[in-house]
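Step one of this worksheet: look at the structure below.
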Protein chains: 2
Amino acid sequence: MVEKTGQPAYLQIVDELRGQIRSGALPAGTALPSIAQLGERFDVSASVVKAAISVLRTEGAVIGQQGKGVFVREVPAEVPEAVSASGATGEILDQLAQMRQSLKELRDRLAALESAVFPEQK
Amino acid sequence: MVEKTGQPAYLQIVDELRGQIRSGALPAGTALPSIAQLGERFDVSASVVKAAISVLRTEGAVIGQQGKGVFVREVPAEVPEAVSASGATGEILDQLAQMRQSLKELRDRLAALESAVFPEQK
DNA sequence: ATTGACAACTTAGAATTCCAAGTGTTCCAT
DNA sequence: ATGGAACACTTGGAATTCTAAGTTGTCAAT
């Protein structure tokens, strides 16, 4: 991480990733590169990448799933001020995240069921 | 930090501090206790307190000034209660509740199907 | 009395090292 | 062939250790 913008490294990474998300280079639902890979790419330690992802997480731009990866959320979440995780709005975002999680789980289970009931028509 | 809420320590501290800010125990403009003091009070390491403050910082609830302290920002905004349960937000919470109900129902039906199609998968 | 040095705090950023826990794959033994 | 163990990755949380840099108070020398 050499950029001489004066910004700390973890914020530079936040900006970079947020840009890629907004630009569509990282579409909703896709996984970010792993922490190790990002650390390698930006030439920083894992702790810096973790700090960056932590910011994106509390912003709601991204959701981490243990053991799998960090995924771009379906809703940019437009949270300009405070509000992001406090008060009613934060509550709602939390619940939405959980419901999205549940939906994904249901989708997966349903897909498994389908391929069992309607075998091999690929 | 012993509380058995299941929440990680740094989020418990976030909640605690956010509560004190909203309740007025920490009015806008006042400094939080120092990182060392908070670590002592909650019986966690400085890194945990830093993580908590980092969340509050990216939420905009608080602002850190190097060499001086961490100060509560002047933007309580966050209309206390009235709006959160009335108006658009209350509406949204209601819809969330209904969707949660639907999700639960779908989960149950799916579970029934699964146990019919995949018999005895302990 | 003013200035300068210094010590003690403070936040901020970064690296490193653990451990816990979830996921996926591979491979071997039954 | 199927089950299960083992392994490799993954995120998440936490502690520890540095360094950098800003603030404040004290104290001594001029």
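Just so it is clear, the model here is predicted, and its values are computed rather than measured. Naming convention: chains lettered A, B, ... in sequence-line order (proteins, then strands); numbering from 1 in each chain.
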**Request:** Could you tell me which residues satisfy side chain to side chain donor-acceptor pair (under 3.5 Å) with B:Ser34, sequence neighbours excluded, listed by chain and number?
**Result:** none
**Asked** Expressed in angstrom and rounded to an integer, what is the separation of B:Ile13 atom CD1 from D:dA14 atom C1'?
**Response** 11 Å
**Request:** Report the distance from atom CZ of A:Phe71 to atom C1' of D:dT10, rounded to the nearest whole Å.
**Result:** 10 Å
What is the distance from atom [atom1] of [X] to atom [atom2] of [Y], rounded to the nearest 0.5 Å?
X       : Y       : atom1 : atom2 : answer
B:Leu56 : B:Arg18 : CG    : CZ    : 6.5 Å
A:Ile21 : A:Glu59 : CD1   : CD    : 9.0 Å
A:Ile53 : A:Ile35 : CD1   : CD1   : 4.5 Å

**Prompt:** Under 4.5 Å between any side-chain heavy atoms of A:Val70 and A:Gln65, yes or no?
**Reply:** no
**Fill in**
Sorted by position of nearest nucleotide on DNA chain C, 5' first, the leading residue of B:Ala36 and A:Asp43 is B:Ala36
Write out a two-atom table: protein N or O, nucleotide N or O from nucleotides 18-27 of chain D, distance below 3.5 Å.
residue: D:dG22; atom: N2; partner: B:Gly67; partner atom: O; Å: 3.3

When you check the phosphate oxygens OP1 and OP2 of [N], does a side-chain N or O of [X] lie under 4.0 Å from one of them?
X       : N      : result
A:Arg57 : D:dT11 : no
B:Tyr10 : D:dG13 : yes
A:Ser34 : D:dC9  : no

**Request:** Using the side-chain hydrogen bond (donor to acceptor under 3.5 Å, both in side chains) rule, take B:Glu16 and B:Gln20 through it: C-alpha gap first, then chi angles, then the decisive distance, then the call.
**Result:** CA-CA 6 Å; B:Glu16 171 73 17; B:Gln20 293 187 13; 2.7 Å; yes
**N/O donor-acceptor pair under 3.5 Å between A:Arg73 side chain and A:Gly60 backbone** = yes
**Request:** List the atom of B:Ala52, the atom of B:Tyr10, and the distance in Å for their closest heavy-atom pair.
**Result:** CB-O, 3.4 Å
**Asked** Which is the 5'-most and which the 3'-most nucleotide of DNA chain C that has an atom under 4.0 Å from a heavy atom of chain A?
**Response** C:dG13 to C:dG24
**Request:** Indicate, with a heavy-atom threshold strictly under 4.0 Å, whether B:Ala51 touches base, sugar-phosphate, or nothing.
**Result:** nothing
**Request:** Identify whether any heavy atom of A:Ala9 sits under 4.0 Å from a base atom; if not, whether one sits that close to sugar-phosphate; answer base, sugar-phosphate or nothing.
**Result:** sugar-phosphate
**Asked** Counting only distance, no hydrogens or angles, is the base of D:dA14 paired donor-acceptor with the side chain of B:Ser47 under 3.5 Å?
**Response** no
**Request:** Spell out, yes or no, whether A:Leu11 and A:Phe42 are grouped together once hydrophobic residues are joined by side-chain heavy atoms under 4.5 Å, including indirect joins.
**Result:** yes
